[in-house]
There are 2 protein chains.
Amino acid sequence: MNPLSRFKKGAIIAHIIYYARKEPFYGVWLKEELARHDYKISDGTLYPWLARLTNSGYLAMEEKNVEGKIRKYYSITDAGEDHFHKIKRYLEELYKEYMEQ
Amino acid sequence: MNPLSRFKKGAIIAHIIYYARKEPFYGVWLKEELARHDYKISDGTLYPWLARLTNSGYLAMEEKNVEGKIRKYYSITDAGEDHFHKIKRYLEELYKEYMEQ
DNA sequence: AGATCGATATCGATTATCGATATTATAAAA
DNA sequence: TTTTATAATATCGATAATCGATATCGATCT
């Protein structure tokens with residue numbers, strides 16, 4: 001474990017909010033999407049986070065029947081939208097700070 | 001715990017490399033500097049990381065006698081410098097990605 | 001019904017973190 | 001010289017997070 005990979009781990013969670021904002025997703029889709037960006041996360045981390053973010057009001061969950069399969073689709077809420085902008089503002093600060101160097 | 005605070009946790013570790021690059025520091029100074037930026041980290045996390053980063057060759061450690069007190073000063077190495085630029089490049093990607101939204 | 005498939009949930013083991021306490025080294029005070 | 005204080009680093013047990021394997025669930029196919 002090094003600082004970069006540790007930093008990426010934190011970014012994964014932020015990305016859950018990021019993606020929810022673009023379009024509703026379900027667990028497996030998100031996991032694969034994150035993997036495409038070299039973000040590995042295990043089910044045992046992902047699903048508890050989805051539940052936590054739903055319970056905290058950042059995400060809304062809706063079960064949908066897709067070709068006979070039940071999928072839980074997660075979408076952004078107003079609180080989640082608000083939180084995204086906090087993340088974005090923080091990321092801007094961080095970026096500027098690092099760019100000075 | 002929410003995505004932003006989780007993300008910040010990851011940034012704290014990246015900041016160890018970031019600060020080492022500016023000037024050599026010792027543990028207590030770093031802890032206070034991080035705290036000034038609202039980054040709380042406990043000793044039990046900080047010191048193991050300093051040791052780990054030194055063992056991994058990202059930081060070099062030198063003991064100095066400052067007004068009679070022994071302080072361990074940590075400074076960046078070539079490998080650490082290289083790693084910083086990886087973090088920076090990654091942060092740029094992340095920033096661009098978020099700015100599109 | 002039984003098998004299979006796609007998806008979500010759970011569980012035990014491992015690892016990381018926290019925060020309180022211990023240790024070390026020096027200097028100043030009594 | 002022995003205490004006492006102080007600044008810094010290191011350690012340790014308890015808690016929390018993560019991993020990855022496995023279980024479960026519901027729908028469809030044969």
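Quick note on labels: first sequence line is chain A, next is B, and so on, each numbered from 1. Computed from a predicted structure; not experimentally measured.
For the salt bridge (Lys or Arg N to Asp or Glu O under 4.0 Å) condition, no pair includes a residue of residues 44-66 of chain B, sequence neighbours left out. Listed by first then second residue, pairs satisfying ring pair (Phe, Tyr, Trp, His ring centres under 6.0 Å) with a partner in residues 44-67 of chain A read Y58(A)-H83(A), not counting sequence neighbours.
Legend: residues meeting side chain to side chain contact (heavy atoms under 4.5 Å, CB included) with K8(A), ordered by chain and number and at least two apart, are L4(A), D38(A), Y39(A), Y90(B). Listed by chain and residue number, T45(B) satisfy the side chain to side chain contact (heavy atoms under 4.5 Å, CB included) test with S42(B) (two or more places apart in sequence, or in another chain). With sequence neighbours left out, E81(B) forms a side chain to side chain contact (heavy atoms under 4.5 Å, CB included) with R21(B), I76(B), H85(B). Every residue meeting the side chain to side chain contact (heavy atoms under 4.5 Å, CB included) condition with E23(A), not counting sequence neighbours, appears here in chain and number order: W29(A). In terms of the salt bridge (Lys or Arg N to Asp or Glu O under 4.0 Å) criterion, residue partners of K86(A) (sequence neighbours excluded) are, by chain and number, D82(A).
Looking at L53(A) and N2(B), their side chains never come closer than 4.5 Å, going by heavy atoms from C-beta outward. Two residues are said to be in side-chain contact when any heavy atoms from C-beta on lie closer than 4.5 Å; K9(B) and R6(A) meet this criterion. Contact annotation: the side chain of Y74(B) approaches that of M61(B) to within less than 4.5 Å [non-hydrogen atoms, C-beta and beyond].
With values rounded to the nearest 0.5 angstrom, L91(A) atom CG is found 5.5 Å from M99(B) atom CE.
Taking a 4.0 Å limit (strictly below) on heavy-atom distances, residues 40-63 of chain B reaches DNA chain D at D43(B), G44(B), Y47(B). Proximity of residues 22-36 of chain B to DNA chain D (heavy atom under 4.0 angstrom from any strand atom) is restricted to Y26(B), G27(B), V28(B). Heavy-atom distances under 4.0 Å link DNA chain C to no residue of residues 7-19 of chain A.
Side chain of T77(A) to backbone of G57(A): a donor-acceptor contact under 3.5 angstrom is found.
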Nucleotides 26-29 of chain D: which of its N/O atoms have a protein N/O under 3.5 Å away?
residue : atom : partner : partner atom : Å
dA27(D) : O4'  : G68(A)  : O            : 3.1
dA27(D) : O3'  : G68(A)  : O            : 3.4

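Nucleotides of DNA chain C that come within less than 4.0 Å of any heavy atom of chain B span, from the 5' end to the 3' end, dT17(C) to dA27(C).
Along DNA chain C, the nucleotide nearest to Y74(A) and the one nearest to M1(A) differ in position, and the one closer to the 5' end is contacted by Y74(A).
When all heavy atoms are compared, the tightest approach of A11(B) to L94(A) is CB-CD2, 4.3 Å.
With respect to R89(A) and E92(A), no salt bridge is recorded, no charged nitrogen being found less than 4.0 Å from a carboxylate O.
You'll find the ring centres of Y19(A) and F25(A) outside the 6.0 Å limit.
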